[in-house]
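Notes follow once the structure below has been shown.
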Amino acid sequence: MNPQDPLSQLKDIHLPATGGFWPPAPGWWLLALVLIGLIVLAALFWVRRRQRRRWRLVARQELIRLEHDAQATSAWFNHLNTLLKQCARQCHPNSQPDSLSGQAWIDFLLSTAPEDRIASRPVVEAMVEASWNPHTEADPGHALAFAKRWLEGQKC
C-alpha cells in the first residue's frame, strides 16, 4: 500500500444484507387482518344461520316422534297443532299464529301451505277439529303427511 495514493485506501462496495422473512411488510399485515376478519364474519354468519334454522330440525324430530306415537286422540292432534303453531311462529311472527284457532287457524295453514290447498282442506279441518273433539275420525297419517309438506314448504 502506498500511503500517498488515496485510491488504495478505498474499500470495495458491500451490498446491504437482504431483509429476512420476518417481519413482513405492512401490506402483508393488512392482508392477514382482512383475511382473519372475513373468516370471523363467515363463521358468525354460519353460526347464526344454523341457529335460525335449528327449529326446523327440532320440528322434524318431533314429527318423527309423533309418527311413532300416532293415535287418533284429541291429545295427539292437540300436540300436532301446537307443534305447527310453534313452527308458524318462527316463519310468520307478524301473523301471530299463536292466537289463531278454529277457522282462522285452518285458513292460516292453508294460506301458507306450499301446494294442494284445496285437496288439503278436509285434512286440515279434521286435524284442527280433532284437537278439541274427543270423538274424532281424523286420520293421523294424513295429518302427519300434511304437517311434513307444510313444514318443508316454509321459506324462512
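In this text, all values refer to a predicted model and were calculated from it rather than measured experimentally.
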Q. Counting N and O atoms only, with roles assigned by atom type, does the side chain of Glu137 sit under 3.5 Å from a partner on the main chain of Ala126, one being a donor and the other an acceptor?
A. no
Q: With rounding to the nearest 0.5 Å, note down the distance linking CG in Leu31 to CD1 in Ile36.
A: 10.0 Å
Q. How long is the gap from CG on Leu44 to CD1 on Ile39, to the nearest 0.5 Å?
A. 12.0 Å
Q) Is the count of non-hydrogen atoms from other residues, nucleotides or ligands lying under 6.0 Å from Glu152 atom CD greater than 12? A) yes
Q. Can you pull the salt bridge (charged side-chain N to carboxylate O under 4.0 Å, His left out) pairs that have at least one residue in residues 23-33, sequence neighbours excluded?
A. none
Q.
Using a 6.0 Å cut-off, check whether atom NE2 of His92 has over 12 heavy atoms from anything other than its own residue.
A. yes
Q. Quick one: OG on Ser99 to CZ on Arg89, what's the gap to the nearest 0.5 Å?
A. 11.0 Å
Q.
Testing the basics here: between Ala138 and Ala72, what is the closest heavy-atom pair and its distance to 0.1 Å?
A. O-CB, 3.9 Å
Q.
Return the CZ to SG distance between Arg60 and Cys87, rounded to the nearest 0.5 Å.
A. 10.0 Å
Q | Which residues share a salt bridge (charged side-chain N to carboxylate O under 4.0 Å, His left out) with Glu125, sequence neighbours left out | A | Arg121
Q) Heavy-atom distance under 4.5 Å between the side chains of Gln154 and Gln90, does that happen here? A) no
Q) Does a sphere of radius 6.0 Å around CZ in Arg54 hold more than 12 heavy atoms from other residues, nucleotides or ligands, not counting ones at 6.0 Å or beyond? A) no
Q | For Leu109, the rest of its hydrophobic cluster, which grows through side-chain links under 4.5 angstrom | A | Trp55, Leu63, Leu66, Trp76, Phe77, Leu80, Leu83, Leu84, Leu100, Trp105, Ile106, Phe108, Leu110, Val123, Val124, Met127, Val128, Leu144, Phe146, Trp150, Leu151
Q. Roughly how far, to the nearest 0.5 Å, is the OG atom of Ser95 from the CG atom of Asp98?
A. 11.0 Å
Q | Rounded distance (nearest 0.5 Å) linking atom CG of Leu38 with atom CG of Leu33 | A | 11.0 Å
(Q) Are Trp28 and Leu35 linked, directly or through intermediate hydrophobic residues, by side-chain heavy-atom contacts shorter than 4.5 Å (ILVMFWY only)? (A) yes
**Q.** Cluster overlap Ile13 with Leu7, hydrophobic side-chain contacts below 4.5 Å
**A.** no
